[in-house]
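Data block below; observations after.
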There are 6 protein chains.
Amino acid sequence: MKNEVFVGEGMKHVKEDCPELYESIVKLNNAVYSGKVLDYKAQKLIAIGIAASTGDEKSTKKQMKSGMAELDITKDEICDVLNVVLLTSGMPAFTKAMKILYEL
Amino acid sequence: MKNEVFVGEGMKHVKEDCPELYESIVKLNNAVYSGKVLDYKAQKLIAIGIAASTGDEKSTKKQMKSGMAELDITKDEICDVLNVVLLTSGMPAFTKAMKILYEL
Amino acid sequence: MKNEVFVGEGMKHVKEDCPELYESIVKLNNAVYSGKVLDYKAQKLIAIGIAASTGDEKSTKKQMKSGMAELDITKDEICDVLNVVLLTSGMPAFTKAMKILYEL
Amino acid sequence: MKNEVFVGEGMKHVKEDCPELYESIVKLNNAVYSGKVLDYKAQKLIAIGIAASTGDEKSTKKQMKSGMAELDITKDEICDVLNVVLLTSGMPAFTKAMKILYEL
Amino acid sequence: MKNEVFVGEGMKHVKEDCPELYESIVKLNNAVYSGKVLDYKAQKLIAIGIAASTGDEKSTKKQMKSGMAELDITKDEICDVLNVVLLTSGMPAFTKAMKILYEL
Amino acid sequence: MKNEVFVGEGMKHVKEDCPELYESIVKLNNAVYSGKVLDYKAQKLIAIGIAASTGDEKSTKKQMKSGMAELDITKDEICDVLNVVLLTSGMPAFTKAMKILYEL
């Protein structure tokens, strides 16, 4: 649970080559997503918004996919997230993320 | 309602000098924050996360303040938002936003 | 006219699924590009510079292409834009945009 | 001429302590702003747009001031630049730059 | 040792209010700065370069100060770091960081 | 020597079409990498860190490759650089750069 971010190629090598660093990342990840008041889904929507606002296609796609698979986040919910991205971060970030969403 | 972003000095001049642009921004702002499925508060938390992830102190403070004043967002909720910022955007963005939060 | 930014995949879905949002974006786009004093071409050159300065290859390419197709912007003009990108945003953003320009 | 960017505190120390680096920056600055086809004013407007799109208040102010002092760039022209910033980079960058413009 | 980043106001509140998160950050910080091959000073110079390249004045100043106080990093060494910032991230980031350096 | 950054497609066209600009970039590049106190390898590690922190895959790969080919920088050294990226710039930038490193 909550470990979807560790699936990528990059983290596999961290686990093998830098076990202490890997362990500290797992620990931080768990602490971060154990929100005091917000549930995991609310935090995941925020993570999707932040990823999309940077225009980073890979992490946007990864966050969207894991949110939909793990937490049953819907396309309409992500749409509402991306609207905020449009206002705060401009058209290029918004259109890139919308395209990613509709290709999932 | 939902028009807190227009309070700043910058927008005042837009309203006076570029009424057509101002009107289109108001329209966009309303469309953005009329989420299909997410409520305004959920979208506001995303806006706070995006502002904090960029390290922009002014817009982070403005988003936090309007979220707390208009939507009764609590410090604990913002804390949970900032935890996501720590993981996705690193320590400097996180510590700056934490400092802003505790000075409010 | 001036609607080249709406051609992409992302915006197609916005038009279908969120007609009100789509309409407000069109309205904003028109207001933005109806400059009081600068003509559309001058504003387009600025949009190309901003896209290139972020290192975002997709939006840089899209802006360059629409500028050349719609407004007869030349490669030499874009070169002069990218020189400013070099000074303000550094070598990686500059070389990526130069490569895109010469592949068009 | 065209050397307004060198007025700041930072560059003074470069000139004194790293004369070779300083000389190469001056040379680059001159090459950049000797556009083949665009004039200096068109390039300056692009520099203002790029500075504003990053949300960097100091360089935005510096670029605006030198553009107005050296090249008689008007507030209306900068307004048209900032409209592009709104569309490409979002509200926070736009409102910050508008506020700076009206305080000049 | 190596805990200079925890001195700021922001982290004080994390320690009090979110002890588990705080502990995981300390653990990560230690894992990060226990380089396999690079020493702490080499890593600190990289942290200064990254902070300066983002144009974030607060974290740039904090990283420079702690590097000079803890690790006897000299102004000349930071100058060599900032030269890399100039090439990779452009003039505004460079001049801001040079100004900060000479005010320390 | 030290001219690895000029190998890309983008710079080839600069050399042909804008010889004066090209010459000034070469001059700046040489001045930047003639550190007063830091050697070229230390500066290269900083350039790798800055490239990775921006999440720019192309320039990250280019910097890593030239550092390994020209200066015998090892994967373990780059790993120590990327740890700093994790702390300062967050998980997405870190995992992307780790993946690039292990694919080289």
Side-chain angles (χ1 to χ4, degrees), chain E residues 2-6 11 24-56 58-60 62-63 66-67 72-91 93-94 97-98, chain F residues 2-6 11 24-56 58-60 62-63 66-67 72-91 93-94 97-98:
Chain E
K2 296 185 185 183
N3 55 0
E4 82 288 350
V5 292
F6 300 107
M11 285 307 292
S24 72
I25 295 173
V26 172
K27 204 173 147 73
L28 178 67
N29 189 68
N30 288 339
V32 159
Y33 282 122
S34 303
K36 287 198 221 179
V37 281
L38 294 186
D39 61 17
Y40 185 29
K41 183 178 162 184
Q43 288 188 307
K44 191 72 184 177
L45 292 170
I46 292 159
I48 292 170
I50 291 172
S53 74
T54 65
D56 178 339
K58 283 199 183 159
S59 72
T60 300
K62 201 192 286 188
Q63 292 283 8
S66 75
D72 297 319
I73 288 175
T74 65
K75 288 201 174 185
D76 276 353
E77 285 170 322
I78 295 179
C79 241
D80 287 351
V81 172
L82 298 187
N83 290 358
V84 180
V85 171
L86 169 61
L87 203 61
T88 58
S89 314
M91 282 285 290
F94 172 71
M98 284 298 285
Chain F
K2 295 185 185 183
N3 54 0
E4 82 288 350
V5 292
F6 301 107
M11 284 307 293
S24 72
I25 295 173
V26 172
K27 203 172 146 75
L28 177 67
N29 189 68
N30 288 339
V32 160
Y33 283 122
S34 304
K36 287 200 223 178
V37 281
L38 295 184
D39 61 17
Y40 185 29
K41 184 177 162 183
Q43 288 188 307
K44 190 74 185 176
L45 292 170
I46 292 159
I48 292 170
I50 291 171
S53 74
T54 65
D56 178 340
K58 282 199 185 158
S59 71
T60 301
K62 200 191 287 187
Q63 293 283 9
S66 76
D72 297 318
I73 288 174
T74 66
K75 288 200 174 186
D76 275 354
E77 285 170 322
I78 294 178
C79 241
D80 287 352
V81 172
L82 298 187
N83 290 359
V84 181
V85 172
L86 169 60
L87 203 61
T88 56
S89 314
M91 283 286 289
F94 172 71
M98 284 300 282

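The sequence lines fix the lettering, A, B, ..., with proteins before strands; numbering per chain opens at 1.
Heavy-atom distances place the side chain of E:Leu86, and not its backbone, under 4.5 Å from chain F. Contact of E:Ala42 with chain F is not made at all, since no heavy-atom distance falls under 4.5 Å. With a 4.5 angstrom heavy-atom cutoff, F:Ser59 does not touch chain E via any of its atoms. Residue contact with chain F, scored on non-hydrogen atoms closer than 4.5 Å, is absent for E:Ala52. With a 4.5 Å cut-off on non-hydrogen atoms, E:Thr54 does not touch chain F at all.
The shortest distance between side-chain heavy atoms of F:Asn83 and E:Tyr33 does not fall below 4.5 Å.
E:Leu87 approaches F:Asn29 most closely through the heavy-atom pair CD2-OD1, 3.1 Å. Heavy atoms only, all atoms of each residue included: E:Ser89 and F:Ile50 are closest at OG-CG2, 3.8 Å. Pairing each heavy atom of F:Gln63 with each of E:Thr88, the nearest pair is NE2-CG2, 4.4 Å. Between E:Gly49 and F:Ile46, the shortest heavy-atom contact is CA-CG2, 4.3 Å.
We find that E:Asp76 and F:Lys36 are joined by a salt bridge, their nearest charged nitrogen and carboxylate oxygen being less than 4.0 Å apart.
Side chain of E:Gln43 to main chain of F:Asp80: a donor-acceptor pair is present (N/O by atom type, distance under 3.5 Å, no hydrogens or angles).
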